[in-house]
Amino acid sequence: MDRFLKFISGYVLLEVRGEQCERFLNLCRSRGISIRKLMCLKPGLITCEMSVQDFFGLRPIRTKTGVHIRVISKHGLPFFFLRSRKRKAFFAGLLLCFCIMAVLSGKIWNIHIEGNLRNTTPEILEFLSEQGIVHGIAKGKINCSDLAAAVRRQYPEITWVSARIEGTRLILTIQEEEIPQESTEDDEAPCSLISDVDGTIVKIITRRGIPQVMQGDTCKKGDILVLGRLEILNDSQEAVRYEYVRADADIYVEHEISYYKEFPLSYEKEISEGETVNDHYFRIGSWYLATGGKRKSGWRRTTSETQLKLTENLFLPVWFGKISSQKAQKVTALYTKEEAKARAVQQLHQYEENLIEKGLQISANNVKIDVDYDSCTARGTLTVIEKTGKESPVEIQEQPEERTAENG
């Protein structure tokens with residue numbers, strides 16, 4: 001901060017020569033003149049630094065001590081303007097820059113939406129565009145309360161919206177309601193749970209219904225695992241009536257799934273040739289200015305772009321970008337045996353990750369990888385534990401006849 005203030009007010013580097021240099025320093029101290037970076041080069045010769053204001057107060061002290069004062073160099077903003085007083089174009093450009101900044105800072109250049117899950121950002125941006133809220137709109141034309149109300153009316157599932165302006169950013173914070181699924185008559189209809197795979201039951205937890213299998217039993221696809229019909233028994237353990245429920249249980253079945261994957265050993269790859277050529281471009285809105293010539297086909301390009309901002313929230317409609325190009329040539333190559341096996345293992349791991357994402361547990365891996373002269377083949381089985389229990393309408397039976405005791 002001191003360095004900045006010193007630059008604004010300006011300062012000079014002085015050379016003081018004479019027999020009374022010590023008295024000169026004492027008088028400066030007594031009159032409150034601040035001296036910085038004092039150096040004694042030899043007896044009767046010192047250099048120091050002081051502000052412009054203090055420099056103009058040295059005449060009485062110089063007269064009393066008889067020293068000679070020479071200005072070595074001048075620094076700071078006042079001297080810069082003094083040296084640049086004939087550069088009218090520079091000051092005109094500086095003034096124009098400030099005017100442009102003032103105009104641009106009064107507009108919105110970044111619309112940020114957060115908290116939306118069900119409604120995508122492009123969809124909300126399209127709605128805002130229909131309402132006239134676009135990049136480049138003046139801040140004064142935006143009523144944050146009306147905008148939040150319009151978003152809530154358009155999207156009933158949005159329960160709360162906050163619209164605020166920070167710098168040149170319009171920030172919409174959205175909270176969506178979790179709408180529970182409405183229960184229907186079909187959801188409460190009686191049903192049983194049947195198996196949709198062949199395998200062995202490894203775990204069953206029944207909450208509603210009558211289990212038809214136990215842990216360790218084998219089942220076939222279509223077998224009833226939990227029955228949705230309850231028998232109401234009398235004291236003689238005879239069925240007097242049936243009640244039907246919606247079966248509910250967690251059932252896990254262990255079974256095998258086949259795996260087969262084959263790919264050729266030959267493939268095409270790009271070989272880079274020469275050094276990387278970097279081209280830069282400058283974009284304001286849709287206006288585009290780039291360096292370098294147009295690249296022909298056969299070049300691999302990577303583009304990175306950065307939007308200019310003055311502060312965290314003051315974004316400008318100005319982008320700087322870099323295009324890295326390198327000449328590349330496609331050639332045919334062959335996987336080595338180790339590379340082919342590594343790729344096959346990677347594909348198998350990706351397949352296993354997909355199964356895990358679907359809720360399956362992998363208990364055993366019986367896949368073998370073979371590499372011949374032109375292809376690599378991975379085949380075998382994976383033993384998995386999968387949750388099963390497909391809903392199926394329960395068979396409605398006639399109610400048993402009531403048994404009454406005859407009076408003799």
Side-chain angles (χ1 to χ4, degrees), residues 117-119 155-159 175-260 351-367 380-408:
L117 298 175
R118 210 172 307 166
N119 303 288
Y155 303 98
E157 64 274 12
I158 295 178
T159 58
Q175 183 175 349
E176 297 175 338
E177 179 184 9
E178 295 183 1
I179 302 178
Q181 295 182 352
E182 298 181 358
S183 59
T184 61
E185 294 183 0
D186 292 338
D187 292 337
E188 299 300 329
C191 68
S192 298
L193 297 180
I194 64 174
S195 175
D196 50 5
V197 293
D198 299 340
T200 303
I201 305 295
V202 295
K203 185 179 180 181
I204 178 170
I205 301 175
T206 306
R207 287 181 288 272
R208 192 185 302 168
I210 304 300
Q212 304 297 300
V213 293
M214 299 177 60
Q215 183 176 341
D217 293 347
T218 60
C219 63
K220 299 290 184 181
K221 185 176 182 179
D223 289 351
I224 298 178
L225 304 179
V226 179
L227 184 63
R229 183 177 65 247
L230 305 179
E231 294 183 352
I232 308 302
L233 306 178
N234 58 13
D235 295 340
S236 302
Q237 301 301 311
E238 298 175 336
V240 295
R241 72 175 186 275
Y242 299 124
E243 289 188 0
Y244 298 91
V245 298
R246 184 180 183 84
D248 184 16
D250 292 334
I251 310 166
Y252 295 90
V253 177
E254 184 179 68
H255 64 99
E256 292 184 346
I257 57 177
S258 300
Y259 178 82
Y260 181 85
Y351 182 75
E352 290 176 341
E353 289 177 2
N354 294 337
L355 294 179
I356 294 173
E357 289 178 358
K358 294 178 181 179
L360 279 70
Q361 304 176 30
I362 301 173
S363 58
N365 184 339
N366 300 311
V367 177
T381 59
L382 294 171
T383 304
V384 299
I385 299 175
E386 181 179 1
K387 187 176 182 180
T388 187
K390 181 181 178 181
E391 295 182 354
S392 177
V394 64
E395 182 181 354
I396 306 298
Q397 295 187 357
E398 294 183 0
Q399 296 287 351
E401 296 180 359
E402 296 184 358
R403 295 175 174 80
T404 59
E406 296 181 355
N407 295 325

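In this chain, numbering begins with 1 at the start of the sequence shown. Basis for what follows: all heavy atoms, side chains included, without hydrogens, waters or symmetry-related copies.
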**OP:** I would like to know whether Val213 and Ile204 meet side chain to side chain contact (heavy atoms under 4.5 Å, CB included); could you show each step before the answer?
**Re:** CA-CA 8 Å; Val213 293; Ile204 178 170; 4.1 Å; yes
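- To the nearest 0.5 Å, atoms CG (Asp248) and CD1 (Ile205) are separated by 11.0 Å.
- Between Leu382 and Val367 the shortest side-chain heavy-atom distance falls below 4.5 Å.
- From Ile385, atom CD1 reaches atom CD of Glu254 across 5.0 Å, with rounding to the nearest 0.5 Å.
- Nearest heavy-atom pair across Leu193 and Ala247 is CG-CB, 3.9 Å.
- Atoms SG and NZ, from Cys191 and Lys390 in turn, are 12.5 Å apart once rounded to the nearest 0.5 Å.
- Between the side chain of Thr381 and the backbone N or O of Glu256 there is no donor-acceptor pair closer than 3.5 Å.
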Subject >> side chain to side chain contact (heavy atoms under 4.5 Å, CB included) assessment of Leu225 paired with Ile194 >> reply: CA-CA 5 Å; Leu225 304 179; Ile194 64 174; 5.7 Å; no
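- Between Val384 and the choices Asn365, Ile362, Val253, Ile356, the side-chain contact (heavy atoms from CB on, under 4.5 Å) rule is met once, by Ile362.
- The heavy-atom pair separating Tyr244 from Pro190 by the smallest distance is CB-CB, 3.6 Å.
- Residue Lys203 holds its NZ atom at 10.0 Å from NZ of Lys387, rounded to the nearest 0.5 Å.
- Here the CD1 atom belonging to Ile257 is positioned 6.5 Å from the CG atom belonging to Leu360, to the nearest 0.5 angstrom.
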**OP:** List the steps, then state whether side chain to side chain contact (heavy atoms under 4.5 Å, CB included) holds for His255 with Asp198.
**Re:** CA-CA 7 Å; His255 64 99; Asp198 299 340; 5.9 Å; no
**OP:** Take Met214 and Ile201 through the side chain to side chain contact (heavy atoms under 4.5 Å, CB included) test and state the conclusion after the steps.
**Re:** CA-CA 7 Å; Met214 299 177 60; Ile201 305 295; over 6 Å; no
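- The existence of a salt bridge linking Lys221 and Asp196 is excluded, since no basic side-chain nitrogen approaches an acidic carboxylate oxygen closer than 4.0 Å.
- Within the 3.5 Å criterion, the main-chain N or O of Val245 finds no donor-acceptor partner in the side chain of Arg208.
- Without hydrogens or angle criteria, Ser192 side chain to Gly228 main chain gives a donor-acceptor distance under 3.5 Å.
- In this structure, the side chains of Gln212 and Val226 stay at 4.5 Å or more apart for every pair of heavy atoms.
- Taking the centre and axis of the six-membered ring of Tyr242, the NZ or CZ atom of Arg229 falls inside the cone set by 45° and 6.0 Å.
- Put simply, the side chain of Glu176 gets close to the backbone of Leu117: a donor and an acceptor are under 3.5 Å apart.
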**OP:** Decide yes or no on salt bridge (charged side-chain N to carboxylate O under 4.0 Å, His left out) for Arg246 and Glu391, but give the supporting numbers first.
**Re:** CA-CA 9 Å; Arg246 184 180 183 84; Glu391 295 182 354; 2.7 Å; yes
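- Distance check, rounded to the nearest 0.5 Å: CD of Glu231 to CD of Glu243 gives 11.5 Å.
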